[in-house]
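First up is the structure itself, then whatever we jot down about it.
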Amino acid sequence: MKHTTSYGDQGFSEYIRMAFQRNLGYDEEDYGKPIIGICNTFSEINRCHAHLNPIINSIKNGVIMAGGIPLEFPTISVGEMFTSPTTMLYRNLVAMDTEEMIKAQPIDGVVLVGGCDKMAPGQLMGAFSADKPAILFTGGPMANGEYKGEKLGACSDCRKYWQEYKAGTISKEELMEINAQLAPTNGHCMVMGSASTIAVCSEAMGMMLPGSATPPATVNERLRMAKETGKAIVKLVEDNTKPSDIVTRRSFENAITTLMAVGGSTNTVIHLIAMAKRLGIKLTLKDFEAISRKTPIIGNLRPAGKYQMEEFYHAGGVSGLLSELKNLLHLEEKTVSSKTLKENIGDTTVIEEYSDVIRTMDNPIYKNGGIKLLQGNLVPSGAIIKPKAILNETLMKHTGKAVIFESIQDMEDRVNSETLEVDENSVLILRNAGPVGAPGMPEAGGIPIPQKLLEKGIRDMVRISDCRMSGTASGSVVLHASPEAAVGGPLALVKNGDEIHLNVAEGVLEVLISDEELKDRKNEWKKPIFKEERGYSKLYRSHVLQASEGCDFDFLIP
Ligand code: FES
């Protein structure tokens with residue numbers, strides 16, 4: 001173990017640390033071996049991380065087999081289901097904790113162990129800034145749930161069946177029987193939501209070993225991949241290969257191509273922009289739009305498609321997918337396996353029996369445009385929509401009158417009210433729910449269809465907000481409107497009854513009022529006053545960047 005400290009007396013530093021490390025069972029003969037920190041985010045409250053400890057043991061075994069010394073340490077852990085008001089509020093705190101612990105401790109390299117939505121992005125942001133050798137390893141997706149012969153997925157089906165219950169098409173008993181199967185095993189959500197998307201993009205980016213993103217949490221391959229990850233991090237340390245030696249702009253382009261090809265979560269757009277900034281790489285929404293235009297969705301995965309991570313794993317996983325995408329990738333990029341992406345893919349192909357799970361380039365489930373950038377006077381810095389998630393295709397081009405909710409609370413209070421003036425052509429708008437407004441940009445963008453319209457059989461409407469939506473959700477939902485209402489973006493200026501025009505194919509989102517009217521309304525707008533006077537939420541509101549810029553803190557960007 002190295003003994004560099006800031007005590008001033010190097011000899012004394014070595015002497016005092018030697019005394020303390022003997023208690024861990026290490027002595028003189030261990031000096032000089034690579035010290036591998038294993039960042040453990042186990043938590044019983046973050047249930048997606050409740051099974052991490054056996055995985056950590058396998059990583060340790062790999063480190064020891066390769067001649068290193070594994071030392072496990074904790075960082076904060078936030079899970080999507082049990083964190084209020086939203087895990088996104090804490091992604092930057094995860095990043096800060098991870099970065100500072102990697103920098104502060106006498107470790108030569110680190111394996112980041114996470115999985116739930118905001119954890120891996122935060123961990124990678126921190127590791128990129130710390131820039132010691134690092135590999136990400138996730139806890140893996142849950143195995144499929146099943147109800148009466150039909151596959152269930154968390155949490156696309158949580159939403160789907162809740163909506164059906166509210167519409168009166170299934171009973172309370174059925175709803176509860178389904179509930180028991182929605183999250184049937186350890187692991188993170190098993191549809192192509194944020195957790196799965198970040199994992200597959202990280203593998204394509206080169207920050208996970210090939211084959212490690214998709215094995216379900218329940219299969220022994222996950223433990224074997226954990227062991228291999230332990231071996232690989234020791235080699236990275238021996239070669240002094242840091243994230244900045246591996247991840248380039250082209251690596252991010254590979255990740256974005258993968259995001260589009262699996263019809264992945266819109267949250268990933270924010271995370272990739274933030275991660276790139278930590279390495280001094282500028283990604284814009286236009287970069288996503290450009291890659292989206294030329295990338296077909298070939299991963300037939302929910303919520304955009306039909307299958308879940310278990311089938312994706314059996315079909316060939318990320319390497320299988322990338323083998324089809326070869327012509328769109330930068331294959332010479334380095335990865336944490338110490339090989340190039342091309343070498344990682346090798347001769348992997350999609351398993352024939354699963355050819356409907358990973359389609360060919362000429363037989364995609366959607367020809368291109370997995371995530372569409374929208375621009376116009378309502379969203380000068382952009383907003384995004386997932387065209388394939390639109391349930392009612394006629395809404396791809398739509399003009400309707402705005403029905404405004406001033407906050408998430410206002411939406412909850414009024415959306416199901418009998419007196420709400422709304423019909424299926426209305427455009428539902430939720431504002432003051434962005435990075436600063438909420439704060440933390442909760443996943444409230446999938447505004448519920450008002451009960452009275454649900455009962456009429458309506459399952460989709462145009463919805464617009466400055467917040468996010470779960471990657472497992474679907475609908476004609478415009479997200480991440482930037483700048484957000486709380487900082488004076490045009491979303492703050494819309495009035496009930498204004499006509500809103502959406503044209504997904506042309507990437508347009510407008511409020512149909514004149515520039516002069518918009519300017520007058522802006523002059524009358526008053527900045528909101530927030531209640532928080534202290535603590536993390538005050539720090540957050542003071543420094544968070546807009547969604548189009550990745551929602552990192554301004555002072556964390558190099
Ligand atoms: Fe953790 Fe879905 S709740 S990934």
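Remember, it's a predicted structure, so these values are computed and weren't measured experimentally. All ligand and atom numbering here is 1-based and tracks the order in the structure. Residue numbers count from 1 along this sequence.
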Ion pair Arg249/Glu253, N-O distance below 4.0 Å: yes
Backbone of Phe405 reached by a side-chain donor or acceptor of Asp410 within 3.5 Å: no
For atom 1 (Fe) of ligand 1, which protein N/O/S atoms fall under 2.8 Å? Skip waters. Cys48 SG, Cys116 SG
Does the ring of Phe137 carry Arg222 above it, NZ/CZ under 6.0 angstrom from centre and within 45° of its axis? yes
Look at the rings of His543 and Phe553 and say which category their plane angle falls in: under 30° parallel, 30 to 60° tilted, over 60° perpendicular. perpendicular
Only pairs under 3.5 Å count here: list side-chain donor-acceptor contacts from residues 173-181, not counting sequence neighbours, and write none if there are none.
residue, atom, partner, partner atom, Å
Glu174, OE1, Ser171, N, 3.0
Glu174, OE1, Ser171, OG, 3.4
Glu177, OE1, Tyr147, OH, 3.2

When you measure from the side chain of Lys151 to the backbone N and O of Gln308, does any donor-acceptor pair fall under 3.5 Å? no
